[in-house]
Amino acid sequence: MTVLRRAGSPWRIIAHKWLGTKGATLYGQPFHVGNDPSAPNRGAETVRRLNELRPDLAPAADITGYTILPNTEFDELVVGRWFHLEQQDAGQWWMSIGGVVVNVTADRDGRPKRVSVHGPGDYDGPVEGCVYDLAWTAAE
């Protein structure tokens, strides 16, 4: 089985079980959701190589936390009330990040071809109490 050749593929989402804080935020078991059937095996191979390179870390492969949804294309993600990503059409993506709107056009292999950024108030309202900073470095 292969991964779809579409702008919204391959895709994956990783969430971790939250264990609380004890001087640092602690995370437990990861949960992976995606459309690539080879992902669990690649994760196990990465852990095997890490064990060879850094045996003192003793990482363990957890391939039980994978949910594979074959023949799917990523469509929408909402996180809290600050992030919303949605596919508008084939290769057309819209996202609002705290009121800053980003539009992306991607080719069928998922590479960006055009990115436009619009400040708060252009297409989505600014979030009250949010400070907006913009640092832009010219691309070559």
Side-chain angles (χ1 to χ4, degrees):
M1 185 174 299
T2 61
V3 176
L4 289 176
R5 188 174 176 195
R6 305 259 310 149
S9 182
W11 65 270
R12 72 179 179 144
I13 298 171
I14 302 171
H16 285 85
K17 185 172 185 174
W18 188 70
L19 300 177
T21 58
K22 290 182 182 172
T25 302
L26 304 173
Y27 293 104
Q29 177 185 2
F31 299 92
H32 305 258
V33 181
N35 71 339
D36 184 353
S38 68
N41 293 333
R42 280 199 325 274
E45 176 61 16
T46 299
V47 167
R48 186 192 66 73
R49 285 184 290 183
L50 277 172
N51 280 323
E52 285 178 358
L53 295 170
R54 296 283 311 271
D56 56 310
L57 291 179
D62 178 10
I63 60 171
T64 61
Y66 280 83
T67 300
I68 305 300
L69 304 171
N71 297 317
T72 59
E73 181 176 21
F74 187 82
D75 182 59
E76 184 172 5
L77 173 67
V78 178
V79 178
R81 288 182 264 170
W82 63 272
F83 184 79
H84 186 172
L85 167 66
E86 189 171 338
Q87 182 171 200
Q88 301 293 295
D89 199 352
Q92 302 293 317
W93 297 83
W94 169 92
M95 67 189 88
S96 176
I97 308 161
V100 174
V101 172
V102 179
N103 291 291
V104 178
T105 301
D107 67 15
R108 72 183 221 161
D109 291 315
R111 289 184 297 262
K113 292 300 178 187
R114 183 169 199 264
V115 176
S116 61
V117 180
H118 304 274
D122 290 342
Y123 290 100
D124 201 355
V127 176
E128 186 177 330
C130 181
V131 176
Y132 295 92
D133 294 312
L134 174 64
W136 202 267
T137 303
E140 294 193 29

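Treat the numbers as computed from the prediction; the structure is a model and nothing was measured.
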Could you please spell out the steps behind the side chain to side chain contact (heavy atoms under 4.5 Å, CB included) verdict for Asn103 and His118?
CA-CA 9 Å; Asn103 291 291; His118 304 274; 3.7 Å; yes
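- Expressed to the nearest 0.5 Å, how far CZ of Arg114 lies from CD of Gln92 amounts to 9.5 Å.
- Side-chain N or O atoms of Asp107 include one that pairs as donor or acceptor with a backbone N or O of Asp109 at under 3.5 Å.
- Ile97 and Val79 end up in the same hydrophobic cluster when Ile, Leu, Val, Met, Phe, Trp and Tyr side chains are linked at under 4.5 Å.
- Remark: Asp36 CG to Thr72 OG1 distance equals 10.5 Å, nearest 0.5 Å.
- Here the shortest heavy-atom pairing between Asn35 and Pro10 reads OD1-CA, 3.5 Å.
- At distances below 3.5 Å, not a single donor-acceptor pair connects side-chain atoms of Tyr66 with backbone N or O atoms of Gly34.
- Through direct or indirect side-chain contacts shorter than 4.5 Å among Ile, Leu, Val, Met, Phe, Trp and Tyr, Val101 is connected to Trp94, Tyr123.
- Nearest heavy atoms, Ile68 versus Pro70: O-CD, 3.3 Å.
- In this structure, Gln88 CD and Asp75 CG are separated by 9.0 Å, a value rounded to the nearest 0.5 Å.
- Two different hydrophobic clusters hold Val78 and Val104 under the rule that ILVMFWY side chains link at heavy-atom gaps under 4.5 Å.
- Considering every non-hydrogen atom in both Gly99 and Ser96, the closest pair reads N-OG, 3.5 Å.
- Shortest non-hydrogen contact noted between Val100 and Pro120 is CG2-CD, 3.9 Å.
- Hydrophobic clustering (ILVMFWY, side-chain heavy atoms < 4.5 Å, transitive): Leu134 and Val117 are in one cluster.
- The shortest side-chain heavy-atom distance between Met95 and Phe83 falls under the 4.5 Å cut-off.
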Quick one, Trp93 with Val102, criterion side chain to side chain contact (heavy atoms under 4.5 Å, CB included). Give me CA distance, side-chain angles, the key distance, then yes/no.
CA-CA 8 Å; Trp93 297 83; Val102 179; over 6 Å; no
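- When all heavy atoms are compared, the tightest approach of Ile13 to Phe74 is CD1-CE1, 3.8 Å.
- Evaluation of the side chain to side chain donor-acceptor pair (under 3.5 Å) test over residues 76-86, restricted to residues two or more places apart or in two chains, returns Glu76-His84, His84-Glu86.
- Taking the side chain as every heavy atom from C-beta outward, Val33 and Trp11 approach each other to under 4.5 Å.
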